Amino acid sequence: MTQLMPLDLFDVSSYPNRRVEEWKYSDLSRALREIPQKDKIVNVDPVSRFAVQDFAVFTVRNGDYDGLNEAVATSNGKLWIRHLDEGVTGPVVGHQGRAVLHVADDQSLTVFETYEGQGAYAAHTELGISLGQNSGFIRIVVLDEPLTALSIRRSTIDTRPGAKVHQAVFSAGAQFSRFETHLNHAGHGADVVLDGAYLLKGKAHFDLTTRVTHGEIDGVTSQTIRGLVKDQATAVFQGRILVERGADGTDARMRHQALILNDGAHIRAKPELEIYADDVQCAHGNTIGALDEEAMFFCQSRGMDEATARGLLTHAFVMPVADAIPDEVLKSVVLDFLEHEAEDYHAV
Amino acid sequence: MTALSISNLTVSVDTKTILKGLSLTVPNGEVHAIMGPNGAGKSTLGYALAGRPNYAVTGGTATFNGEDLLDKDVHERAAAGLYLSFQYPLEIPGVPALTFLRTALNAQKKLRGEDEVSAPDFLRRVREVAKSLKIDMDMLKRPLNVGFSGGEKKRMEVLQMAMLEPKFLILDETDSGLDIDALKVVSDGVNALRSPERGMLVITHYQRLLDHIKPDQVHVLVAGRIVKSGGPELALELEARGYDEYLGVAA
């Protein structure tokens with residue numbers, strides 16, 4: 001089983017500091033100056049901006065995962081896991097929760113995982129996912145938390161031979177947001193997609209960290225990450241693919257492409273390939289640039305004002321990640337989300 | 001009525017002066033060709049009129065249907081009816097050609113205070129035009145120009161002009177990258193847009209395009225100035241004798 005570094009929101013001694021390499025660009029101690037309050041608060045039920053048909057719904061209130069496995073069992077293979085976190089005025093409240101989720105051999109599960117909330121809160125959740133032989137797992141994550149939220153979402157995925165995984169994470173950022181995926185790749189025909197896209201504005205901080213370990217032969221991993229930052233937002237992408245000795249026939253590709261739309265916004269990218277096997281195909285690419293001025297002129301010369309052209313091109317930039325979603329219902333939900341988020345990019 | 005009137009235009013790119021006092025008028029309904037050697041400033045003229053950033057107008061005037069053209073933003077020039085067809089049309093990943101076209105069309109209409117075109121009307125019209133240009137509708141669902149051949153890109157340019165219905169066309173080396181069949185399709189598409197209300201400026205290196213799109217007048221552009229103007233026969237002379245005799249004139 002893949003292990004996560006111990007972290008407890010309510011124990012300050014467990015917080016990683018900036019000397020911990022993995023947390024160098026996301027300083028939790030600085031973001032969370034005081035230990036959050038443990039108070040459980042009574043929830044109102046905010047209306048979700050998302051609507052998906054044909055999915056069973058399971059709500060995780062303030063990190064409480066009780067009943068998740070029953071929900072998976074009765075979901076008919078399609079489950080919307082809706083995380084709702086709430087804060088109150090006054091001291092920051094903290095929510096923490098943990099769950100495990102299994103997909104049996106030859107079974108498939110499609111999970112739509114949303115994170116929404118209101119007010120100021122600190123949330124830390126851990127999801128341990130284990131996938132059986134020849135299983136199928138689609139995991140589409142939308143992080144849409146308020147700019148007052150601190151949010152750490154960590155998951156482990158353990159695969160078995162022949163498993164097919166398609167994960168795509170979409171984030172609009174929060175005050176401090178980190179999404180981690182640690183995947184143990186079983187190879188032997190297992191095929192993993194770990195995509196992501198982010199659109200950050202204001203003072204948002206979003207950290208997308210992925211760790212993939214290929215310990216066996218013939219595993220495939222593909223990562224496409226697209227991102228946009230503006231204002232004073234900061235994006236962090238840390239991707240590591242480790243190919244262990246003997247994991248021949250591994251095919252691993254990682255590509256991170258991002259646009260910085262104005263001075264003052266930041267992107268910290270650290271793509272890493274660590275390869276100890278001989279017969280592998282691995283590649284990583286990382287490009288960070290500005291919006292293509294020639295493309296802007298082309299659009300404007302056809303009659304689009306600057307804001308429209310900018311919105312069109314920025315939306316288009318993150319589109320490929322949504323386009324690759326293998327579930328049509330979720331693809332259209334995500335496209336709507338991106339279109340809505342991209343609107344804010346009209347004016348820079 | 002004069003569609004486009006350029007007087008003594010000077011244009012610099014970065015610190016280099018490219019156009020050095022260019023004057024030209026194109027009446028409505030006429031097609032004028034601009035020919036000239038590499039580096040004469042042909043593409044610069046198109047870009048400057050369309051308002052490309054970094055193409056600084058340092059002197060002279062350009063009026064379009066009586067209005068000051070140089071005073072307008074890029075998109076305002078387009079909405080006023082100016083269309084620059086690019087020598088190398090850009091690839092726009094992630095934006096289907098149909099989406100691009102409809103966004104552009106409605107943006108222009110909005111600026112002119114006209115009603116937006118409805119989706120069914122838009123699609124009906126696109127189908128008609130696409131058919132005449134031998135463009136498959138499936139191609140229009142793909143990201144604009146991404147992976148298109150040179151000929152397909154130019155046909156997309158003509159499709160856009162036909163849909164946007166501009167008052168004036170600037171064709172910047174539309175013949176480059178075209179085989180003989182594609183040249184015919186593209187030229188037919190442009191010719192279909194000839195009308196008494198529409199002027200055209202055809203920028204080209206070669207006489208070949210002008211066999212298909214017959215100009216009323218031909219201008220020779222050398223070193224940033226028009227050095228000679230004449231009828232269609234001038235293009236044939238240039239084809240036979242080259243630009244050598246004019247290079248001396250400009251110096």
Side-chain angles (χ1 to χ4, degrees), chain A residues 168 170 195 197-199 224-228 255 257-259 261 285 287 289-325 331-332 334-339 341-343 345-348, chain B residues 46-55 72-97 99-112 114 141-146 153 156-157 159-161 163-166 169-170 172:
Chain A
F170 300 87
D195 286 355
Y198 52 83
L199 301 92
T224 303
I225 316 289
R226 292 287 182 103
L228 302 168
R255 192 157 177 75
Q257 293 168 283
L259 299 180
L261 297 178
T287 54
L291 204 56
D292 182 351
E293 288 304 320
E294 270 201 82
M296 279 293 290
F297 171 63
F298 185 67
C299 292
Q300 287 171 275
S301 81
R302 297 291 141 93
M304 297 177 210
D305 58 54
E306 194 186 337
T308 304
R310 200 176 279 281
L312 190 80
L313 294 179
T314 49
H315 181 231
F317 188 76
V318 293
M319 274 274 286
V321 180
D323 254 344
I325 294 175
K331 186 196 286 191
S332 102
V334 169
L335 286 174
D336 283 351
F337 171 75
L338 293 180
E339 193 162 336
E341 291 303 320
E343 271 173 24
Y345 283 82
H346 287 196
V348 166
Chain B
Y47 284 142
L49 293 174
R52 184 175 175 147
N54 301 333
Y55 284 64
K72 294 178 190 287
D73 284 343
V74 179
H75 70 287
E76 292 168 344
R77 298 181 196 196
L82 188 73
Y83 184 99
L84 170 66
S85 178
F86 283 50
Q87 182 180 1
Y88 303 107
L90 271 86
E91 299 188 359
I92 311 287
V95 182
T99 307
F100 180 90
L101 188 48
R102 188 153 177 243
T103 307
L105 181 60
N106 282 335
Q108 287 200 15
K109 284 183 173 289
K110 194 174 154 198
L111 200 64
R112 291 196 293 258
E114 298 167 13
K141 289 169 188 158
R142 284 164 44 196
L144 182 65
N145 295 334
V146 178
K153 286 180 184 174
M156 283 303 305
E157 290 286 287
L159 175 93
Q160 290 172 60
M161 6 175 143
M163 289 298 297
L164 296 171
E165 300 180 307
L169 294 176
I170 302 171
D172 187 5

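The model shown is predicted, which means the values in this text are computed figures rather than measured ones. Below, chains carry the letters A, B, ... as their sequence lines are ordered, and counting in each starts from 1.
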Part of [X] lying under 4.5 Å from any heavy atom of chain A:
X        : answer
B:Phe86  : both
B:Leu101 : neither
B:Arg77  : neither

[X] versus [Y], closest heavy-atom pair with distance:
X        : Y        : value
B:Ala107 : A:Met304 : CB-CA, 3.9 Å
A:Phe297 : B:Ala50  : CZ-CB, 3.9 Å
B:Ala78  : A:Gln300 : CB-O, 4.1 Å

- Task: Mind telling me whether A:Phe298 and B:Phe100 have parallel, tilted or perpendicular rings, with 30° and 60° as the class edges?
- Result: parallel
- Task: Using a cut-off of under 4.5 Å on heavy-atom pairs, state which of B:Gly94, B:Pro89, B:Ala80 scores highest against chain A.
- Result: B:Gly94
- Sort out for me which of B:Leu111, B:Leu105, B:Leu84, B:Val95 touches chain A most, counting heavy-atom pairs under 4.5 Å. B:Val95
- Task: State whether the number of non-hydrogen atoms from other residues, nucleotides or ligands found under 6.0 Å of B:Lys110 atom NZ is greater than 12.
- Result: no
- Task: Please confirm whether the backbone N or O of B:Met161 pairs with a side-chain atom of A:Arg302, one donor and one acceptor, at under 3.5 Å?
- Result: no
- When rounded to the nearest 0.5 angstrom, what distance separates CG in B:Asp73 from CG in A:Asp305? 9.5 Å
- Query: Would you call B:Thr103 and A:Thr308 a side-chain contact if the rule is heavy atoms closer than 4.5 Å?
  - Reply: yes
